[in-house]
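Beneath this line is the structure, given in structure tokens, with notes to follow.
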Amino acid sequence: AQSVTQLGSHVSVSEGALVLLRCNYSSSVPPYLFWYVQYPNQGLQLLLKYTSAATLVKGINGFEAEFKKSETSFHLTKPSAHMSDAAEYFCAVIDEAGGTSYGKLTFGQGTILTVHP
Amino acid sequence: GAVVSQHPSRVICKSGTSVKIECRSLDFQATTMFWYRQFPKQSLMLMATSNEGSKATYEQGVEKDKFLINHASLTLSTLTVTSAHPEDSSFYICSARGSPLEQYFGPGTRLTVT
């Protein structure tokens, strides 16, 4: 089964600093990967997705992620953190197998991003 | 576009009662919807896959008789927590599949069982 692992349950950065949230995947085939953001007591919002086109994916709010097959990674970055970026971020992989598993998302453990002024 | 709503956003019920949560796709049709559960400081765990016009598919360990799912139309899926207990208190999130690789999430429902 496909899975993702997020390294670091908490990341703290200063406003204006680089944001780097790590995600590694485990898949026997090229996966479809996603990053979502969740603000407190809210649902998930899609930041970006990798669907085997360009390896560098640009998303909303200035975020981007690079798919690196050699490292089985899909890390999320943002050059300059803003206070409004403080939230929880989830990496996810979608199951492309047939049958009842098709389209199921499997989430990583989540990373809480704190931004200090 | 691609908006998913959930109702109610918060609900408090007494132990032993049942509560129904609605998930609606407002501007698209969804043959498949997903129900997730999220405990505090934890990730989302898929409970079941809801398919319009057919029985839901439950993940291992999820009691289908306790968490009743109905997907009677292309825009509505409901989750009923029957005979709720305090351990069922959680944040329930639904999503609707708009395309094979796209899920749109609702805002979630906070259930508290007293």
Side-chain angles (χ1 to χ4, degrees), chain A residues 1-10 21 23 27 29-53 57 59-60 67 87-114, chain B residues 1-11 21 23-26 30-51 54-60 62 64 90-112:
Chain A
Q2 297 174 323
S3 65
V4 289
T5 301
Q6 291 181 240
L7 302 176
S9 58
H10 288 80
L21 305 182
C23 174
S27 174
V29 297
Y32 290 152
L33 295 160
F34 303 78
W35 274 101
Y36 289 90
V37 60
Q38 184 182 33
Y39 296 97
N41 294 309
Q42 295 187 27
L44 275 67
Q45 180 182 11
L46 179 67
L47 282 175
L48 48 81
K49 61 184 177 184
Y50 168 73
T51 58
S52 73
V57 182
I60 62 172
F67 175 77
E88 188 161 16
Y89 293 79
F90 292 95
C91 182
V93 63
I94 203 161
D95 196 320
E96 295 178 80
T100 58
S101 296
Y102 183 69
K104 287 170 50 176
L105 276 170
T106 300
F107 289 90
Q109 301 89 326
T111 298
I112 296 173
L113 175 65
T114 303
Chain B
V3 177
V4 176
S5 70
Q6 277 185 247
H7 178 79
S9 58
R10 291 176 176 268
V11 58
I21 303 170
C23 177
R24 293 182 184 273
S25 57
L26 298 184
T31 57
T32 302
M33 293 183 175
F34 301 91
W35 286 97
Y36 298 85
R37 185 172 181 177
Q38 185 179 31
F39 290 107
K41 302 186 186 303
Q42 294 188 26
S43 188
L44 281 75
M45 297 298 295
L46 180 65
M47 298 174 65
T49 302
S50 170
N51 294 297
S54 65
K55 291 183 179 180
T57 303
Y58 291 83
E59 295 299 300
Q60 190 172 8
V62 178
K64 62 181 181 180
S90 188
F91 194 53
Y92 292 86
I93 302 176
C94 73
S95 71
R97 189 164 73 195
S99 67
L101 298 178
E102 199 80 57
Q103 285 187 34
Y104 302 99
F105 287 82
T109 296
R110 174 75 60 192
L111 170 63
T112 303

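Quick caveat, the model's predicted, so the values are computed rather than measured. Note on naming: letters A, B, ... go to the chains in the order of the sequence lines (proteins, then strands), and numbering restarts at 1 for each one.
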For this session: Indicate yes or no: at least one non-hydrogen side-chain atom of Leu44(A) is less than 4.5 angstrom from one of Gln103(B).
Result: no

Exercise. Heavy-atom distance under 4.5 Å to chain B: side chain of Thr51(A), backbone, both or neither?
Worked result: side chain

For this session: Select one option (side chain, backbone, both, neither) describing which atoms of Gln38(B) are under 4.5 Å from chain A's heavy atoms.
Result: side chain

For this session: Please tell me if the side chains of Leu105(A) and Phe34(B) come closer than 4.5 Å, counting only heavy atoms from C-beta onward.
Result: no

For this session: Could you tell me whether the side chain of Ser43(B) and the main chain of Gly108(A) form a donor-acceptor pair under 3.5 Å?
Result: yes

Problem set entry | Spacing of CZ belonging to Phe34(A) relative to CD belonging to Glu102(B), to within rounding of 0.5 Å | 6.5 Å

Problem set entry | Leu46(B) to Lys104(A) - nearest heavy-atom pair and separation | CD2-CE, 3.5 Å

For this session: Please flag which part of Leu44(B) lies under 4.5 Å from any non-hydrogen atom of chain A: side chain, backbone, both or neither.
Result: both

Exercise. Ile112(A) and Lys41(B): side-chain contact (heavy atoms from CB on, under 4.5 Å), yes or no, with the steps?
Worked result: CA-CA 9 Å; Ile112(A) 296 173; Lys41(B) 302 186 186 303; 5.7 Å; no

Exercise. How far apart are the closest heavy atoms of Gln38(A) and Phe91(B), and which atoms are they?
Worked result: NE2-CE2, 3.8 Å

Seminar exercise, completed: So, the part of Phe90(A) with a heavy atom under 4.5 Å from chain B: the answer is side chain

